[in-house]
Protein chains: 2
Amino acid sequence: MATHGTRGRSGGRPTLEEVAARAGVGRGTVSRVINGSPRVSDATRAAVEAAVAELGYVPNTAARALAANRTDAIALVVPEPETRFFAEPYFSDILKGVGAELADTEMQLLLIFAGSDKERRRLAQYLAAHRVDGVLLVSVHADDPLPDLLSQLEIPAVISGPRSAAESLTSVDSDNYGGARSAVEHLMSRGRTRIAHITGRLDVYGAQRRVDGYRDALRDAGHPVDDLLIEPGDFTEEGGHRAMRSLLSRCPDLDAVFAASDVTAAGARQVLREAGRRIPDDVALVGYDDSAIARHMDPPLTSVRQPIEEMGRRMIDLLLTEIADRRPAMSRGLERPQMVLATELVTRASS
Amino acid sequence: MATHGTRGRSGGRPTLEEVAARAGVGRGTVSRVINGSPRVSDATRAAVEAAVAELGYVPNTAARALAANRTDAIALVVPEPETRFFAEPYFSDILKGVGAELADTEMQLLLIFAGSDKERRRLAQYLAAHRVDGVLLVSVHADDPLPDLLSQLEIPAVISGPRSAAESLTSVDSDNYGGARSAVEHLMSRGRTRIAHITGRLDVYGAQRRVDGYRDALRDAGHPVDDLLIEPGDFTEEGGHRAMRSLLSRCPDLDAVFAASDVTAAGARQVLREAGRRIPDDVALVGYDDSAIARHMDPPLTSVRQPIEEMGRRMIDLLLTEIADRRPAMSRGLERPQMVLATELVTRASS
DNA sequence: ATCACCTGTGGGAGCGCTCCCACAGTACCT
DNA sequence: AGGTACTGTGGGAGCGCTCCCACAGGTGAT
């Protein structure tokens, strides 16, 4: 027993070495078993596993991180104040997908908010210390320095939403163009001809793509595109009110409205009601997001569903691949992938 | 230059040793400066700080964790599915307080959900690996094994909500008893005499305490306590409906209702309306939580505000203290503190 | 002058892993 | 027989820190 009892912070957790002694093998072999290396005989593996179970061995993450230069953790960075994170279902859906995909991995997920400048600075320190193997960046604004910082530090990262010009990070987005097209095509198939569009904030790339989809759908069907039928909004209910009022006064003959978000559609609906237009009899209405609002609206709102949860899952897939690939051939000149997921039109009574 | 260039994974991050060389001091001295030890002369400190800045040195967390046996991270564990976390403002308020209090610390916060069994197992592994210095446990259910696990592993932890019998963890709670008392006293001061109470889920200790507060407030004011006026609810709107209906049929003469949550109050309000009772003219109504619902109800709801954000802040305070104290004298027989924060009655038009 | 005791400082010895080289053993060609 | 190759295994050499002992040099009491 008392070999040379130097160690023994008594009750301490068992180490690799102790497991090795117990199993009658070497340190390296235990390490191989723990890490699932195939080059271990079945008998040895069994012996080691028994020792691990008997001793209740749990690897020391810090030691592993130090020796292997990895942390087995990835961060979900939300460059927003916490309040927005909780207010918008977008984030919780992403998180759900991410969590599901990560569930059978050894990776640990950290949630980091970087809304304030102070938090930003902390995050920069955190990343500089390489405390995570990779980063998921959701909701990046146009002039955000974070993507640049990440590629400078050579930290694998995936961003959600459309990739803006400069950055070279992998991204996952939903098909805003296609989603808009399907909404407009649906309205045309219902016999509507004077279809208006209330846009989102046009400094958001996705909103711009929806306008493109709207235009192209009309043009390809041989309809003229009447610019008077396009009114800028800002994704809010308020914006929906304003836009709908000006549309009604400008084009009283419109028979359908495609809004760039469900919330905007709700605002439009209210104005339409007040103006005595029945939905869908007089004016058909289609929204975007397929949020809870859409289901509970009266009448229930046809809306374009984005596969947000799946976006979360894909982001993790891509990130894990990138982390795994980093070692063999770092940045082998390949273009970073940009994945675009299909949307789905959910038809309800409003159209 | 080329001393013995063995190291040099070129472009690698600078180490303590390199900073020491640059500053012309020893490794130990740099470590002392980094960790803010007072036993360093001003001149040396300045030299080291200059070297740190020039080299852009950032300590390697893994190495530090390994050597010092601490992680500088704490976990906020939510033993619920993610959906509930997002649905209930309670969590986001706690998180806000925690985040604020942690902002000027070096501690990193991890958010961990442990709703499913799978997640539970992962968490257990995680804790066994001592990957965090401490744990904040919010919303613990009666028979949850987590508190026991934590004290077994000797991981500092603070739980939110009332401390149930067995466990010996530090806890922070709001004064459910006092909150209920203040609500009832307020109603009595408004001249109400037949005050009903719709309880919360009575297997939740806090709900039980609110009933106690209700009873004692009446008794101490010399009012008889009529058990017919107490109807069990479950914190939900549905429960509010049911409870209010049975109260109305049993005690049509009631002139006030104290509900154990705002949501329950909203349910009760609906039934009262349908029964033709005006609020507050015929029946005064008081809720609990002072959530957004309370402000937006028609009429706005008087409600008992819990200082949830402050609870978050206090939890961190206590946890950090406990982490700091662990070393000098581990568990010196002292009772774990249980902190109870005062509530505040927010008076609005419903009473 | 001697001792005691501070303050500042350098650097050895780990912390518990992973990586990788070395090597025994077996197998299958020449 | 000798070579070549592969499988399984042991263990040395770090990874970049913190802790702590040793020690130089100063200060003040005896």
Side-chain angles (χ1 to χ4, degrees), chain A residues 4-9 12-48 51-52 55-72 106 128-131 133 327-328, chain B residues 4-9 12-48 51-52 55 57-72 106 128-131 133 327:
Chain A
H4 51 296
T6 31
R7 281 307 143 281
R9 293 204 299 343
R13 296 151 53 206
T15 70
L16 248 204
E17 193 95 44
E18 287 162 22
V19 174
R22 174 84 169 216
V25 301
R27 212 176 355 77
T29 303
V30 177
S31 177
R32 256 163 252 139
V33 172
I34 300 290
N35 293 291
S37 155
R39 1 210 81 244
V40 178
S41 73
D42 289 351
T44 309
R45 181 184 309 279
V48 170
V52 165
L55 261 36
Y57 171 75
V58 179
N60 178 320
T61 337
R64 174 178 285 178
L66 179 59
N69 199 32
R70 64 193 162 85
T71 63
D72 292 324
E106 287 294 274
H130 286 262
R131 292 187 66 169
D133 292 339
R327 323 209 73 199
Chain B
H4 51 295
T6 31
R7 280 305 143 282
R9 291 207 298 345
R13 296 152 53 207
T15 70
L16 247 205
E17 193 96 43
E18 286 162 23
V19 174
R22 175 86 169 214
V25 300
R27 214 177 350 80
T29 302
V30 177
S31 177
R32 256 164 252 140
V33 172
I34 299 290
N35 293 292
S37 155
R39 358 211 83 241
V40 178
S41 73
D42 289 351
T44 308
R45 180 184 309 279
V48 170
V52 166
L55 262 36
Y57 171 75
V58 179
N60 178 318
T61 338
R64 175 178 284 177
L66 178 60
N69 200 32
R70 65 194 159 85
T71 63
D72 293 324
E106 287 294 274
H130 286 262
R131 292 187 66 167
D133 291 340
R327 323 209 74 201

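Order of the sequence lines fixes the chain letters, A, B, ..., with proteins taken first and strands second; residue numbering starts at 1 for each chain. The basis for the numbers below is simple: all heavy atoms, side chains too, and nothing from hydrogens, waters or symmetry mates.
For C:dG10, the base has a donor-acceptor partner in the side chain of B:Arg32 [N/O atoms by modelled type, under 3.5 angstrom]. Between the side chain of B:Arg13 and the base of D:dG16, no donor-acceptor pair under 3.5 Å is found.
Put simply, CZ on A:Arg131 is 21 Å from P on D:dC15, counting in whole angstrom units. For the pair B:Ile34 CD1 and D:dG16 P, the interatomic distance rounds to 15 Å; values are reported in whole Å. For the pair B:Arg45 CZ and C:dT7 C1', the computed distance is 13 Å after rounding to whole Å. Separating the CG atom of B:Leu16 from the P atom of C:dG12 is a distance of 15 Å, rounded to the nearest angstrom. Straight-line distance from the CZ atom of A:Arg27 to the P atom of C:dC17: 10 Å, rounded to whole Å. Atom CG of A:Asn69 and atom P of D:dC15 are 11 Å apart (whole Å). The distance from atom CG of B:Leu66 to atom C1' of C:dC15 is 4 Å, rounded to the nearest whole Å. Rounded to an integer number of Å, the gap from CG of B:Asn60 to P of C:dC17 is 17 Å.
With values rounded to the nearest 0.5 angstrom, A:Leu55 atom CG is found 9.0 Å from A:Thr15 atom OG1. Atoms CZ and CG, on A:Arg131 and B:Asp72 in that order, are 6.5 Å from each other to the nearest 0.5 Å.
Taking side-chain N and O atoms only, A:Ser41 has no distance below 4.0 Å to OP1 or OP2 of D:dT7. Between A:Thr29 and the phosphate of D:dG10, there is a side-chain N or O to OP1/OP2 separation shorter than 4.0 Å. Under 4.0 angstrom from either OP1 or OP2 of C:dT7 there lies at least one side-chain N or O belonging to B:Arg39. Listed pair A:Asn35 / C:dT18 meets the phosphate criterion, a side-chain N or O lying under 4.0 Å from OP1 or OP2. In this structure, B:Thr15 does not reach the D:dC15 phosphate: none of its side-chain N or O atoms is under 4.0 Å from OP1 or OP2.
For the pair A:Gly28 and B:Ser31, both in contact range of DNA chain D, the more 5′-proximal nearest nucleotide belongs to A:Gly28.
In the set D:dT18, C:dT18, D:dG10, D:dT18 carries the atom at the smallest distance from any side-chain atom of B:Ala68.
At least one donor-acceptor pair under 3.5 Å links the side chain of A:Thr71 to the backbone N or O of A:Asp133. Judged by distance alone, the side chain of A:Asn60 and the main-chain N or O of A:Ala62 form a donor-acceptor pair under 3.5 Å.
Under the 4.5 Å side-chain criterion, counting only non-hydrogen atoms from C-beta, A:Arg70 is in contact with A:Arg64.
When heavy atoms are screened at a 4.0 angstrom cut-off, B:Thr44 is found touching the sugar-phosphate backbone but no base atom. Heavy atoms of B:Arg64 sit under 4.0 angstrom from primed sugar atoms or phosphate atoms, though from no base atom.
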